Amino acid sequence: MQMIRVGFIGLVMLALAVVPVVANAIDEPFYVSLFTRMLVLAIAASSLNLVLGYGGMVSFGHAAYLGLGSYVVGIGFYHAANDGMDWALNGWLHLALAVVIPGMAALLIGAISLRTRGVYFIMITLAFSQMLYYFFIGLERYGGDDGLSLWYLSDFGDVMDLNDDSQLYYLAYGLLVLVLFTLYRLVNSRFGMVVRGAKSNERRLMAVGFPTYRYRLVAFGISGAICGVAGFLMANQSEFVSTSEMHWVHSGDLIVMVVLGGMGTLFGPVLGAVGFLMLEQYLPELMEGVCHIIGGESCGIAGEYWKMVFGPLLILIVLFARGGIDGLLQGKVGRNV
Amino acid sequence: MSEALTIEGLVKQFGGLTATDHLSLSVTQGEVHAVIGPNGAGKTTLIGQLTGEITPDAGTIRFAGRDVTGLAVHRRSMLGLARSFQITNVLADFTARANVALAVQAHQGHSFRFWRKAATDPRLIGPAEEHLATVGLADRADVTASSLSHGEQRQLELAMALATRPAMLLLDEPMAGMGPEDSARMVEILKRLKGELTILLVEHDMDAVFALADRITVLVYGRAIATGAPEQIRNDPDVRAAYLGEETGDA
Amino acid sequence: MNWILLIEQTLNGLQLGLLLFLLAAGLTLVFGIMDLVNLAHGSLYMVGAYFAATFTAWTGSFVLAVVLTLPATLLVGAVVEIVCLRTLYDRDHLDQVLATFGLILFFNELVRLVWGPAGLSVPLPEFLSSSLELAPGLIYPSYRLAIIIASLLAAFFLYWLVARTRIGMLIRAGASNREMVGALGVNIRFLFTIVFGLGAALAGLAGLMAAPISTVEIGMGENVLILAFVVIVIGGIGSIRGAFVSALLIGLIDTVGRAFLPDVIGGFFDDEFADAAAPALASMSIYLLMAVILAFRPEGLFSARNG
């Protein structure tokens with residue numbers, strides 16, 4: 001079973017590595033942007049996995065850090081375009097700020113939220129992300145409700161050109177690999193052991209002498225920072241920055257990706273993000289197709305209302321296959337407790 | 001003779017119920033001091049206050065010469081006050097080795113070390129395996145804690161407490177739920193620790209208490225009604241009346 | 001300062017606060033008694049609004065629509081509880097969050113299927129479409145006054161139900177100690193269904209009252225749900241009294257803040273900055289309030305649990 005799992009994950013990573021080549025060969029550039037989105041969300045879901053899967057903290061506000069990361073790019077662009085501040089378009093600066101600002105925000109929000117437990121924690125992370133959502137809606141200058149269209153992307157000079165979809169794709173791929181490697185080291189380090197131990201039994205950890213609050217807080221901050229990287233990529237991929245990506249429902253999507261792929265496993269969120277976007281992309285067609293096969297009429301409707309299937313499907317996955325895709329690969333059918 | 005732990009005038013009330021009633025108690029360096037008492041005597045509340053999970057309403061707790069009454073749980077652990085839990089409380093999804101390694105890690109400075117793998121760090125694994133051997137779990141190191149038997153989990157619990165290199169152990173019913181065989185093994189393990197460590201033992205199993213304790217304090221309704229050597233306690237008429245009479249009857 | 005405007009905004013704040021209370025009351029009971037995180041509570045608010053739209057169109061009478069909507073949302077709530085939520089009580093919070101998140105997607109699509117993707121509007125009932133002059137110069141729409149009065153009546157009803165009836169006694173007991181109620185031999189499943197249905201009806205009431213003064217559209221419950229969460233966090237989980245106090249607090253701060261913060265900031269900074277920052281800051285105010293309260297009282301203002 002372990003062989004199948006490693007093989008499958010290796011295959012997915014390998015397949016992701018050649019997407020632009022294949023897409024260009026078959027002349028379907030659309031796939032490059034679809035798969036860039038997958039990589040971006042894989043990074044975001046991986047960041048959430050650090051706190052949710054490894055740390056047991058149900059953060060329902062990670063869309064906010066994604067949004068903050070993308071607004072770094074958006075605001076930089078705005079000042080470069082309108083105030084002639086060319087340096088504000090510097091890609092390295094964007095990347096650095098897209099790590100630092102969401103990371104700091106996560107530390108602040110975490111500092112308050114982590115004082116609470118359970119339901120409170122969920123609701124408070126939710127509320128704070130919604131606060132940032134409304135904050136950016138209120139900032140008319142940077143587009144407010146309408147968002148900002150980016151005419152220029154983050155500028156990396158001669159190193160790379162993000163206007164080239166393939167180059168953007170490989171930047172995302174490289175960053176995903178970097179993030180996964182970092183998370184791998186992190187969760188297996190002394191720090192990671194404390195965070196995972198606190199998920200398993202926080203009271204015990206305090207009793208042997210760990211001030212668990214600060215370890216959880218740092219994990220939360222790191223998670224926010226990594227999620228910011230995803231935001232940076234997302235802005236450059238969609239060439240658009242808006243508050244809608246920060247809406248709390250997207251935080252829910254990220255949680256779904258993590259659980260769908262497999263919580264607390266390194267590659268689970270990657271599988272989850274790929275699976276989620278695949279479902280989103282192909283479930284409508286699939287439903288329409290199934291509808292035709294069983295001889296239904298007006299099958300357009302079936303394709304259009306795919307979320308009615310998606311919602312209950314989600315419920316079923318939650319109730320019966322908590323290990324997610326990664327759990328299935330490990331041969332764990334049913335819940336892994 | 002120096003005192004390892006001194007409790008003075010400790011009071012804790014829950015609503016109208018007085019769980020700890022002006023309790024004073026001292027544990028001498030190196031002794032095994034047992035606290036016994038009928039159910040509801042306030043033993044668990046006492047342990048909770050000693051570890052810092054429960055804040056007393058009044059009174060002081062001094063440990064290793066300093067006032068620890070208001071200190072947080074993890075800070076007391078750092079000072080060398082280790083505990084085991086009444087209900088088995090280990091990291092269920094970690095291996096026995098990883099459980100103890102975490103406890104070792106807690107006392108090797110801060111854990112903001114983000115890069116090196118902990119599972120192969122000899123500075124963690126070495127001591128962890130030593131402590132597992134001490135409690136007789138050397139050959140069970142790779143087993144997930146939740147797969148250990150109840151008795152083994154209690155032993156693991158003890159190994160975790162030992163791994164924090166404590167000056168004093170607070171053992172909250174270490175024999176709880178054990179069969180006679182497991183109990184006897186635990187008594188053997190604790191006997192070996194006797195002398196090296198100061199131990200405060202809360203226990204129902206009277207055979208174990210009389211086999212291990214240097215001194216015994218009897219708690220009834222949150223008050224200490226007697227303290228003394230096991231023989232003294234055994235013959236104390238107040239104790240017999242209040243408590244031992246019925247307990248020894250069914251033991 | 002413009003006193004008329006202040007009174008007007010205060011009334012608006014009161015109205016928003018009371019609507020939030022109706023939403024939060026059911027939610028906090030469900031949290032307190034069933035220990036269940038229900039993200040789909042906003043969907044019941046939405047369903048209430050859609051029911052109101054349909055029933056108004058059918059019967060031609062808003063009052064009749066109210067009479068029909070309340071039992072209808074109660075029924076929807078009870079069905080949801082029996083079919084789906086019942087299996088979630090023993091699950092951890094993450095499972096509950098995910099499953100009820102799935103319910104939101106389901107309800108949104110269901111509504112789209114039944115009512116179509118375009119938003120609906122509900123006309124103001126004829127007899128409430130005018131305005132009243134409350135005081136010289138103070139003219140206030142009578143429908144908004146009606147919302148305030150109806151919500152207060154609902155709040156009193158809830159108070160009576162919880163404080164004075166047998167079922168209320170069980171609800172209170174359940175909020176502070178679940179196991180005890182089970183031990184008393186009460187049919188706990190039935191109690192849960194009743195409580196959930198009641199919460200759904202209250203959410204439906206809020207939705208139907210909001211319908212004529214807002215657009216009835218898919219997803220309308222999603223943002224207001226978060227406000228209800230803030231209410232509960234500030235008020236303390238399981239506490240109806242806490243929900244009432246904090247709902248009013250939030251309604252007032254949000255409304256009055258949005259109306260007056262630009263002036264206040266304009267007094268300290270230049271107009272350009274005030275215009276840019278004030279709306280953003282005003283929309284953050286209630287969340288900052290939540291942060292401050294949590295920093296001092298992580299359990300909220302009124303915690304129903306005493307242990």
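Since we're looking at a predicted model, the values are computed, not measured. Throughout, protein chains are lettered first and strands after them, A, B, ... in sequence-line order, and every chain is numbered starting at 1.
Contact annotation for A/Val119: both backbone and side-chain heavy atoms come within less than 4.5 Å of a heavy atom of chain C. Neither the backbone nor the side chain of C/Thr100 comes within less than 4.5 Å of any heavy atom of chain A. Both the backbone and the side chain of A/Leu126 come within contact range of chain C, judged by heavy atoms closer than 4.5 Å. Only the side chain of A/Leu52 has a heavy atom closer than 4.5 Å to any heavy atom of chain C. Proximity to chain A involves both the backbone and the side chain of C/Leu113, based on heavy atoms less than 4.5 angstrom apart. Contacts of C/Val233 with chain A are made by both backbone and side-chain atoms, with heavy-atom separations under 4.5 Å. Residue contact with chain A, scored on non-hydrogen atoms closer than 4.5 Å, involves the backbone of C/Ala295 exclusively.
Here the straight-line distance linking atom CZ of A/Arg117 with atom CD of C/Glu299 works out to 11.0 Å at 0.5 Å rounding.
Per-residue counts of heavy-atom pairs under 4.5 Å with chain A were compared for C/Leu294, C/Val37, C/Ile104, C/Leu288; the largest is that of C/Leu294. Contact count against chain A (heavy-atom pairs under 4.5 Å) is highest for C/Ile226 among C/Thr87, C/Leu105, C/Ile232, C/Ile226. The candidate from C/Leu281, C/Asn108, C/Val97, C/Val230 with the greatest count of non-hydrogen atom pairs under 4.5 Å with chain A is C/Val97. Ranked by heavy-atom pairs under 4.5 Å with chain C, the first of A/Thr116, A/Val249, A/Leu132 is A/Val249.
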Task: side chain to side chain contact (heavy atoms under 4.5 Å, CB included) evaluation trace for C/Phe31 with A/Met123 - done: CA-CA 11 Å; C/Phe31 277 134; A/Met123 289 196 287; 3.6 Å; yes

Task: Verdict with reasoning, C/Asn223 to A/Tyr134, per side chain to side chain contact (heavy atoms under 4.5 Å, CB included) - done: CA-CA 10 Å; C/Asn223 290 335; A/Tyr134 282 121; 3.3 Å; yes

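In terms of heavy-atom proximity, C/Ala291 sits nearest to A/Ile112 at CB-CD1, 3.6 Å.
Looking at heavy atoms from C-beta onward, C/Leu94 lies in side-chain contact with A/Met263 at the 4.5 angstrom threshold. Between C/Pro298 and A/Tyr120, the closest side-chain pair of non-hydrogen atoms is not below 4.5 Å. Counting only heavy atoms from C-beta outward, the side chains of A/Gln130 and C/Tyr287 approach each other to under 4.5 Å. The side-chain heavy atoms of A/Trp248 and C/Leu225, taken from C-beta on, include a pair separated by under 4.5 Å. A/Ile255 is not listed as a side-chain neighbour of C/Phe101, based on a closest heavy-atom distance of 4.5 Å or more. In this structure, A/Phe60 and C/Leu39 have side chains that are in contact, with non-hydrogen atoms separated by less than 4.5 Å. Within the 4.5 Å cutoff, no side-chain heavy atoms of C/Met290 are placed close to those of A/Met131.
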